[in-house]
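Inspection log for the structure reproduced underneath, given as structure tokens.
Throughout, protein chains are lettered first and strands after them, A, B, ... in sequence-line order, and every chain is numbered starting at 1.
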Amino acid sequence: MAPTASANDEVELPLDLDLNDEQRQLQDATRGFLSRHYPLGDARAILESDREADPEGWRRAAEMGWIAVLADEDAGGLGFSPSTATVISSELGRAVNWTPFLGSALSVAALGPAAGGDDRAAGVMEALIAGETVAAWCGPEPRGDGWGADSVRTEAVEAGDGFVLYGEKYLVADADLADELVVAARVDGELRSFVVPAEAEGVEITVSRTLDLTRRFATVRLNGVRVTAGDAVGEAGTADAAFGRTLDLAIVLVAADAVGAAEKLLELTVEYAADRIAFQRPIASYQAVKHMCADMLLKVEASRAASRYAALTLEADSAERARAVAVAGGYVSGAAAEIAGDALQIHGGVGFTWEHDLHLFLRRIKVDQALFGDTRQHREQLVGLLT
Amino acid sequence: MAPTASANDEVELPLDLDLNDEQRQLQDATRGFLSRHYPLGDARAILESDREADPEGWRRAAEMGWIAVLADEDAGGLGFSPSTATVISSELGRAVNWTPFLGSALSVAALGPAAGGDDRAAGVMEALIAGETVAAWCGPEPRGDGWGADSVRTEAVEAGDGFVLYGEKYLVADADLADELVVAARVDGELRSFVVPAEAEGVEITVSRTLDLTRRFATVRLNGVRVTAGDAVGEAGTADAAFGRTLDLAIVLVAADAVGAAEKLLELTVEYAADRIAFQRPIASYQAVKHMCADMLLKVEASRAASRYAALTLEADSAERARAVAVAGGYVSGAAAEIAGDALQIHGGVGFTWEHDLHLFLRRIKVDQALFGDTRQHREQLVGLLT
Amino acid sequence: MKLADDAELDRFRNEVREFLDSEAPDIPVRAGFRSPENEAENLVRKRWRARLYEAGYLGADWPVEWGGSGKWNPVHDLIISEEVARAGLPPLTDQTHLAAFALIRFGTEEQKARFLPAIRDGSETWCQLFSEPDAGSDLAAMRTEAKPLEEGGYLVNGQKVWSSNAAWADWGFLLARSDTSLDRHRGISAFIVPMDAPGLEIRPLREITGTEDFSEVFMEDVAISGDSLLGEREQGWKVAMESLGAERSGIGAGGARLRQLLEMTVELAETENEAGGRPIESSDVRQKIGEIATEIEINNLLVQLKLGRELRGAERPSDVPIGKLVFSELNLAMAEFALELQGSSSILVEGDPRVLQGGRWQDEFLYARTYTVAGGASEIMRNIIAERALGMPREQRG
Amino acid sequence: MKLADDAELDRFRNEVREFLDSEAPDIPVRAGFRSPENEAENLVRKRWRARLYEAGYLGADWPVEWGGSGKWNPVHDLIISEEVARAGLPPLTDQTHLAAFALIRFGTEEQKARFLPAIRDGSETWCQLFSEPDAGSDLAAMRTEAKPLEEGGYLVNGQKVWSSNAAWADWGFLLARSDTSLDRHRGISAFIVPMDAPGLEIRPLREITGTEDFSEVFMEDVAISGDSLLGEREQGWKVAMESLGAERSGIGAGGARLRQLLEMTVELAETENEAGGRPIESSDVRQKIGEIATEIEINNLLVQLKLGRELRGAERPSDVPIGKLVFSELNLAMAEFALELQGSSSILVEGDPRVLQGGRWQDEFLYARTYTVAGGASEIMRNIIAERALGMPREQRG
């Protein structure tokens, strides 16, 4: 995707922060697919139980290109396109969807360009693109000091011609359904990534109880897990860049997820306000409600632009990437959380019931807000770039 | 003034945060006095020039007890009553008044109980109470690290049976009109206060240009000013407590000043909103305007209670004093600044003109916000008390 | 909130604190007004209520003939509320408390004799049947009808919602239209309805917190007797509004609750994270805590201001809405900040082994919007302040 | 705001920057849209305007016959606006710019021939006569009348206010009622009025900033000719609204201005105070700067979004009001924060020897409310978004 498009031979059009036609089609197709196969009512079944694997659904999703849009062409994908992936991620947020997209999407990015040549990684990549495998990225180890590569303390101890992994990964998205784990670990202090079967001996996966009732996050313990040299991803020395790229993708996808959920909340709220009568008038006619909704729209527009722009800079590996990702991370989920709060305030009592869908969005946004760095960490990043 | 009053023999009434009858009378009297002698129109004369001394007005103000309410009975006053002084201070803020109250009031507190016995200090105190003298408190030296006693770097070097003062005091209220200065300085590191005639050799007073157009603040330079041992205030070792008490009084009086100005702005705004028509309705009928005004009232009520309570704790030297003063300092001027902002927003264009009085209040509040510690410093104080 | 030491009040506070320390039962500590989780807890709560009346910590303001002390001290009530909140016990100003106030103020002698002793001895609890699906902040829009019968008594039809404790209550304090020809609040009467009446169905509502603290109550041809009228006919609005004012004695509970939450926040900020850092060392965290602590003191000052005015009979129309706004918005802001402080752990909830502070903050966060909505949303509070205290124009009706 | 390097745009930006560096005159740097302080400055500004047209940095979008380039690039306009703001020069989208747009879009050939060349050569400037004392955000409430005369021409009576540059302008772009029988915006026409017309009196208004940037304009029996009508009779509302849209080409100016202010803020935070501390070392200051920097980028993204939509003809009704809200509220928040950062020095103003950064922030603070009020207050912007973009009910008229 070109960053600028020519309207005529002489005039360069600026960067378009709305979707292009192709992405708009993808959006429509994804929205249709999700409403047919994953209607919101079905979510109710998993709110308080484990998720079950859905190989058929996952294969269909893969056929729509969910994973291929993040895989390089060399590796059998459609080219690394975070901006396209954000379209999908936003639709998942809008639908409070529970498929294991995030874990697999991040794993593809973590396997990275290396997967083009690398046997083990290439195999996993191929299976992911085809929807035959679900994977989870066991990258960051947030302990209160951020989600960056610095947070990785898991060790890969050399043993024979392979390694033994020791460590603990928190809040790993989709580990409960994963067949493969892409694990970041340190070999003598240096970062490397390894592909580890979720069933491998020494791997212990415990699903966390979180605010989010549709997605699942888990603690993954690596209690001396043996891997071969062939399970290592890419050449030594490439892992830091791949980690950074994957983390940035994670920030962008989570922001897009929050945008989708927030946008849906705004629609639900405007609709509710038009129907709800108080003091003999629809509450939509009260200026306090109107102004709250106006601010919600402002935040949705700004959030969408911020997540899309960050995705485009990541896609182009632009010099603006660090700044744009920090802006998306530092703005979007906070704005979405404010939108969720306003939505609940305008809905009043009915939005406070378990049976109403509102809290599913509220909870999802609240989790998006904490994943892969909070507002505070992103703001600090941005200041670091300024000073 | 007793902190609690009995309604009957058995039931203790709680602390009353509204004014008592006596203070309400003082309020009415002060308001009447100010509107007769210092109508707002007169302020226009001094907005862009120096203030001139007004010995007659000052004497009349003193007759109303402005200074006596802060002087101990031993020193010829009515007893140290910050809560009464806040009534006066609020009225001065309401009237954007330009009499040199603040400097003299703080000087009285800085002379403190010592003035009962001390010749030089007692003389100044007597003259202040009688309205024959104007004084300025040259206490803190804010350099970005607060206004506390720690900020005092001015030195008093022992020389013969007296001292020589070297230092620089910033933003000294009313120094332009002062006859006497009460100067905090360090003698071998230990804090002492000295009474210094403003006309003394080596004293250099430069009026600062500030946002405030009615009050005056000055830089006071002490370029080797000779004072005698008799000019020292109180016994050695008492200055720290007196400084603390004076600073707390300063915080409370400035908060009360901001409350008065904010309260007046609310009244002006509600009145304007009732008269101003937009889209064929008074703007007071729009919910956005109503809600802004409601928040303004909330802040006025809270600010008044906070400044009054802090004054009462100072008066009683209660264990709650440090907390209450930090709350008043950390809340009131910020709330008042928000009120001023909303007042300007609701007034629209007309409030943006030099001829309208609104900006006089806005400017005064903005200055109150920075004097004797800003929100940030007061919040830090409060956290220090919690942890 | 005190100015100088007051030995009598300090003594009383210590007495209450000791009483609570030694006698208070073990009831799960959660945000807000919660219903019992099971019959056992319901019984524990009933017994505890009886014990509070017995000890004179509840009902001191009742008429002496019904067990009041005859020398009620509102400051004592404030202290009791504060200490109860501090101890993490359910607030005292619950639905039963509200009903007791209404009975004393508006009940007949027969009604008082029948109901008050059972409230004091803990044997009966009450719920409130006010809100309806289409009458929330606009309570006067209610449609439930209590049709007067020729043979005496009434036939009640309608639906109520957001009734706290309904699933456990013996009696309901009901508002319904006894004269449908009268508009809005004019046609409403107050009634006492047995919660086991035929035709009355209680459906517990599950809230976003995952717990069931409120119920929907459906009434289909529920027959109630003529003497179940509480107060005069078509005076139900007055009965309800005055009773809601009875929440005043819970006035200090909010502030004490917030102080308790502040202690938890400071504890959180002082806890070393796994990376060895303590949030309290960062000035942004300190500033935010300073801001919250300031607002808590402001909340308490406003409580004090309001109480002083009530006792002098000098209430202002802005007192109640200002108190509600400050408390509810601060309560929400505190929950949001505590989640921020928890960083990545903020997403964990009660039951997860790595959850912080037992998941209390996650519950507080989800529950917090109850306060900004129930009992008149914040928007309504701001309207009231503007219209009644500042004399600004009323909203136009549609 | 750019994604990848674009050599042509970078080259253009450098060209503009070099041009400004070498040729821009010395005009006092202040917040917002300011009028010349004296005749000398007025002349400097006029010459500078002519130079910008000559260099093709202004007016490239004009029809070729009137001096346009024939290959206007909106992205170039954005870059020019940004660089002008960065250089601290007066914004280009002033009243004269607005008049030029209206003339090109609605003027007769005669009007274009008479006025456009004089705009390009800098000899004549314009002001806007729209707002009235009782018609601010509600512009359609205006009362100034342009009474059609039987002998042709009009007689104008009324008062205008908030007219920027009026004291220096040669011509006024006037809105007035040519048909008083028609309600609100229906009866309004646009006119060209010479500012030295008999009966027209200009009284400069002093604002709270202490400077005179706007004027009141009183018109008493001001006779204007029939050919001073701009656009069709009673179509003045359309002429005005479309012209106000011409501010679009100043679109990037706000963002560049904010970035420049951010640089000043960072500089302030990095300055060691007399006590030896640097505010930037405190995490609360860093967080606040991070928040502001984030919002500035958001502002710029929204500008970009809007521009993209305009060029595709896919504008949304929320684009303009959202842009205005974000910019104006951020601009105010930045001034407030910078004053906080200055601590006790925040009260000093231009002219005091100890003032920080020349008192620019004090001027910015006082001026900032212009943006949240002028051209439709923030409250009106939120109404427009809710009504036009979200389809919510319109406000009732009184």
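With chain D as partner, the option from A:Leu385, A:Leu386, A:Val270, A:Leu297 having the largest number of non-hydrogen pairs under 4.5 angstrom is A:Leu297. Each of D:Leu302, D:Ile289, D:Val266, D:Leu390 has some count of heavy-atom pairs under 4.5 Å with chain A, and the biggest count is that of D:Leu390. With chain D as the partner, the residue from A:Arg323, A:Arg304, A:Met292, A:Gln381 showing the most heavy-atom pairs under 4.5 Å is A:Arg323.
Only the side chain of A:Leu382 comes within contact range of chain D, with at least one heavy atom under 4.5 Å from a heavy atom of that chain. Residue D:Thr294 touches chain A through both its backbone and its side chain, counting heavy-atom pairs closer than 4.5 Å. With a threshold of 4.5 angstrom between heavy atoms, A:Val327 approaches chain D through its backbone and through its side chain. Contact annotation for D:Ile280: only side-chain heavy atoms (C-beta onward) come within less than 4.5 Å of a heavy atom of chain A. For A:Ala306, the parts lying under 4.5 angstrom from a heavy atom of chain D are both the backbone and the side chain. With a 4.5 Å cut-off on non-hydrogen atoms, D:Ile384 does not touch chain A at all. Only the side chain of A:Leu266 comes within contact range of chain D, with at least one heavy atom under 4.5 Å from a heavy atom of that chain. With a threshold of 4.5 angstrom between heavy atoms, D:Glu291 approaches chain A through its backbone and through its side chain. Neither the backbone nor the side chain of A:Arg321 comes within contact range of chain D, judged by heavy atoms closer than 4.5 Å.
Two residues are said to be in side-chain contact when any heavy atoms from C-beta on lie closer than 4.5 Å; D:Leu258 and D:Leu262 fail this criterion.
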TODO: Check the pair A:Lys366 / A:Gln369 against side-chain hydrogen bond (donor to acceptor under 3.5 Å, both in side chains), numbers first and verdict last.
DONE: CA-CA 5 Å; A:Lys366 212 62 199 165; A:Gln369 207 180 357; 3.0 Å; yes
TODO: Kindly determine whether A:Arg94 and A:Gln27 satisfy side-chain hydrogen bond (donor to acceptor under 3.5 Å, both in side chains), including the steps that lead there.
DONE: CA-CA 11 Å; A:Arg94 256 189 89 91; A:Gln27 183 183 56; over 6 Å; no
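Distance check, rounded to the nearest 0.5 Å: CG of D:Leu92 to CD of D:Glu83 gives 11.5 Å. With values rounded to the nearest 0.5 angstrom, D:Glu395 atom CD is found 8.5 Å from D:Ile380 atom CD1. Of the inter-residue distances, the one linking D:Glu295 atom CD with D:Asn299 atom CG reads 9.0 Å to the nearest 0.5 angstrom. If you take CG on A:Asp295 and CD1 on D:Ile385, they are separated by 7.0 Å, rounding to the nearest 0.5 Å.
Neither side chain, D:Asn383 nor D:Arg394, offers a donor N or O lying under 3.5 Å from an acceptor on the other.
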